[in-house]
Structure formats: C-alpha cells, structure tokens
Amino acid sequence: MLHVAYAQTEWKGFPLDSIQSEVDGKWQPLYYWKAEKPDQPLVVVLHTWSGDYTQTNNSLAEKTKVKGWNYIHPDFRGANNHPEACGSELVIADIDQAIDWALENLPVDRDSIFVIGASGGGYATLVTYMKSRHHIRGFHAYVPISDLVAWYEESLVRDPRYAQNILDCTASEDSILNVDEAKRRSPFFWETPWEKRKDATLHLYAGVHDGYTGSVPITHSINFYNKVLRDAGVADLTKLVDDQTTIRLQTRQKGEETGQFIGDREVHLYRNWKNVSLTIFEGSHEMLEDVALEIL
C-alpha cells in the first residue's frame, strides 16, 4: 500500500509500493512484478550510483515479467551523494526490508532469490553480498565499485562529480577525503561472511575498456574477486588474478585467448573458484542485459 504521494503509481504496468524503514521511519518506494504461478524466482534489481527507484530504463523488468518471475526494483536512499546512501547501514536495512516485502507479498521460491546490479547497482550488490541477513542464491555484479578510496582518486581525473559524491557521502571536509569513513562504506575493506555465503554464487563482470571509456576501472572487480578468495583461505595462486595479468589487461585492453563468449562478447579473462567467478568481457561500463537473466 502506498503511504506517500508519488508522481505515478505504476510504470508500464509495474505497480509501485512503499516500505517504511525500520531504522528511521522513512518510506522507501519500489516497483515490482508479481508472478502468476507459485514458487517462482525473485530478481532484485538495484539502481545505479546516481539513480533511484525511478530508474526504469533497463530491460530486466520486462524480461523478468516474460519469464514469469517475481521482480522488485527498490529505492535505497536514492543517489549516492549524501550520507544516508552510499553503502550505509540504512541502505543495507532498506534492501533487506525490500526482500522481506517480496517474501510476504509475492509467490517467491525462497531458494531462488537473485540480486543483480550494474555500476553503483553492482556496488550495492557487493554491499548486499557482504551484509544482507537473507539467504540469497546468487549475486551478479556488473562493473561494480568495490573500493571508494580508490574510486575517489580515480574519479578526480576521470569524472570529478563522482569524487564530489564520495566526499558528500563520507562527511569529508575541505575537499579532503575522510578515508576511514570511505573504507567503512567499501565492501573491499569488509570481512567476507564466507560461512554464510558458501552456498551462494557470486559473479563479477567487467568490460575490459571500463576505466578508459567508462567510469570504473576493472581493478574494482579483480581486486574484490581476489579478496573474497583470500578471505576464504584459497592457497592456490592460479585461482587468483596476478598483478602481471591485471596490468596486461589494463594496458593492452586485451587478455587471454579464452575461446569463451558471454552472449556475443569475447571473454578476455575468466577465473573461478567454487561458486565465485570473474569475467572480463569485450565491452565497457555496461550490463549485458540481453544475457543477464539467462546467466542466472
């Protein structure tokens, strides 16, 4: 039930509802689709860095509807340009409550919950992987941000507005980054809850040209992949991405001859260990929406 007046109550047939935060009482809207059959998967699509619940220009909603699955597109404090947003405890609670709402109101198969997002939505996907209290089957993070300290420095020369956003999120003063606060909001610096996530899949995807023709260097995906494996105690270094490989990918914009494709895109690097994978594909700062749900 809507508790706040919004400009519209649906988008292309997708209804709008809202959830009151259990933390501060503020209402967070969400678009959704209710499957017609019982026990269907739930796809949780998280908005990008500068977006909010109105960011309905992705095709995942319609694709999920065609599959007959459940879908939610929640708000979680809107754009990442203020302290309430940007990986905060409020954000974590908002996403968890949105999943609660779906479990209560939609015919969800509780063993088939998937979280997916790109860019800032990929960042929020990593936040959810690290902090959500829910049992989630799969996390799919496209071109995610994992380290706000690094992204601040990178954005100063790529797109200063993102650097300013990080300053605004982290109680930074006089254009000097509050590094401790940035780390507190960065999944890369959090302890991986491996025992809780050992049965969940985590898939990281990045376009090899991102950071050149896009805003988030591929090192955010590579470093997070390595971090999760190290936190899980992986001793086999061949499962990790070494510095030489990372440098080659960044400087040559080309990787190994894998012979693999994701959709119609060449895969330049693929690494996996158990249920964690990293795919560097031919592309830039993007989600491969044509194949994203098929990969689930």
Neighbour count >12 (heavy atoms, 6.0 Å) for atom CZ, Arg110: no

Greater than 12 external heavy atoms within 6.0 Å of Lys26's NZ: no

Derivation and outcome, side-chain hydrogen bond (donor to acceptor under 3.5 Å, both in side chains), residues His203 and Asn272: CA-CA 9 Å; His203 302 287; Asn272 76 295; over 6 Å; no

Answer yes or no: is there a side-chain heavy-atom contact under 4.5 Å between [X] and [Y]?
| X | Y | answer |
| --- | --- | --- |
| Val127 | Trp190 | yes |
| Val276 | Lys274 | no |
| Asp94 | Ser21 | yes |
| Asp147 | His220 | yes |
| Ile113 | Leu103 | yes |
| Thr64 | Phe114 | no |
| Leu148 | Cys169 | no |
| Phe76 | His47 | yes |

Geometric class of the Tyr71/Phe14 ring pair [parallel <30°, tilted 30-60°, perpendicular >60°]: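 Ring orientation of Phe14 relative to Tyr71: perpendicular.
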
Parallel, tilted or perpendicular, as decided by the 30° and 60° cut-offs, for the rings of Tyr205 and His140: parallel

Check the hydrophobic clustering (I, L, V, M, F, W, Y; side-chain heavy atoms under 4.5 Å; chains of links allowed) and say if [X] and [Y] are grouped together.
| X | Y | answer |
| --- | --- | --- |
| Leu237 | Leu269 | yes |
| Val179 | Ile145 | yes |
| Leu90 | Ile72 | no |
| Trp69 | Val66 | no |
| Tyr212 | Val157 | no |

What distance separates [X] [atom1] from [Y] [atom2], expressed to the nearest 0.5 Å?
| X | Y | atom1 | atom2 | result |
| --- | --- | --- | --- | --- |
| Lys131 | Ile95 | NZ | CD1 | 12.0 Å |
| Leu30 | Leu16 | CG | CG | 7.0 Å |
| Gln250 | Asp243 | CD | CG | 10.0 Å |
| Ser155 | Leu167 | OG | CG | 10.0 Å |
| Ser277 | Leu204 | OG | CG | 6.5 Å |
| Ile166 | Glu181 | CD1 | CD | 12.5 Å |

Tyr123 ring center within less than 6.0 Å of Trp151 ring center: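 Centroid distance Trp151-Tyr123: not below 6.0 Å, so no.
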
Got a donor-acceptor contact below 3.5 angstrom from the [X] side chain to the [Y] backbone?
| X | Y | result |
| --- | --- | --- |
| Asp210 | Pro217 | no |
| Arg77 | Val91 | no |
| Thr192 | Asp231 | no |
| Arg197 | Tyr129 | yes |
| Lys67 | Glu294 | no |
| Asn70 | Leu106 | no |
| Gln55 | Thr48 | yes |
| Asn275 | Lys198 | yes |
| Asn80 | Cys86 | yes |
| Asp242 | Gln244 | yes |

Stepwise side chain to side chain contact (heavy atoms under 4.5 Å, CB included) test for Asp111 and Arg137: CA-CA 6 Å; Asp111 292 323; Arg137 180 175 173 181; 5.8 Å; no

Which heavy atom of [X] sits nearest to which heavy atom of [Y], and what is that distance?
| X | Y | result |
| --- | --- | --- |
| Val291 | Gly263 | CG1-CA, 3.6 Å |
| Val149 | Ala182 | CG2-CB, 3.8 Å |
| Ser146 | Leu126 | CB-CD1, 3.8 Å |
| Leu42 | Ala102 | CD2-CB, 3.6 Å |
| Glu289 | Leu60 | O-CD2, 4.2 Å |
| Glu286 | Phe281 | O-CZ, 3.9 Å |

Test side chain to side chain contact (heavy atoms under 4.5 Å, CB included) applied to Ile136 and Ile99, step by step: CA-CA 10 Å; Ile136 295 171; Ile99 296 173; 4.1 Å; yes

Donor-acceptor pair between His82 and Asp168 side chains, under 3.5 angstrom: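 No - no donor-acceptor pair under 3.5 Å links their side chains.
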
Any donor-acceptor N or O pair under 3.5 Å, side chains Arg158, Ser215: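 Per modelled atom types, Arg158 and Ser215 side chains form no pair under 3.5 Å.
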
Test ring-ring contact (aromatic ring centres under 6.0 Å, His included) applied to Trp273 and Trp194, step by step: CA-CA 13 Å; Trp273 178 78; Trp194 182 250; 5.4 Å; yes

Residues forming a side chain to side chain donor-acceptor pair (under 3.5 Å) with Thr170, sequence neighbours excluded: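 Side chain to side chain donor-acceptor pair (under 3.5 Å) check on Thr170 returns Ser172.
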
Worked check of side chain to side chain contact (heavy atoms under 4.5 Å, CB included) between Trp49 and Asn81: CA-CA 9 Å; Trp49 181 267; Asn81 56 13; over 6 Å; no

Sidechain N-carboxylate O distance under 4.0 Å for Glu89, Arg184: no

Full working for side chain to side chain contact (heavy atoms under 4.5 Å, CB included) between Glu282 and His268: CA-CA 7 Å; Glu282 176 59 31; His268 291 286; 2.7 Å; yes

Cation-pi, Trp33 ring and Lys65 (6.0 angstrom, 45 degrees): yes

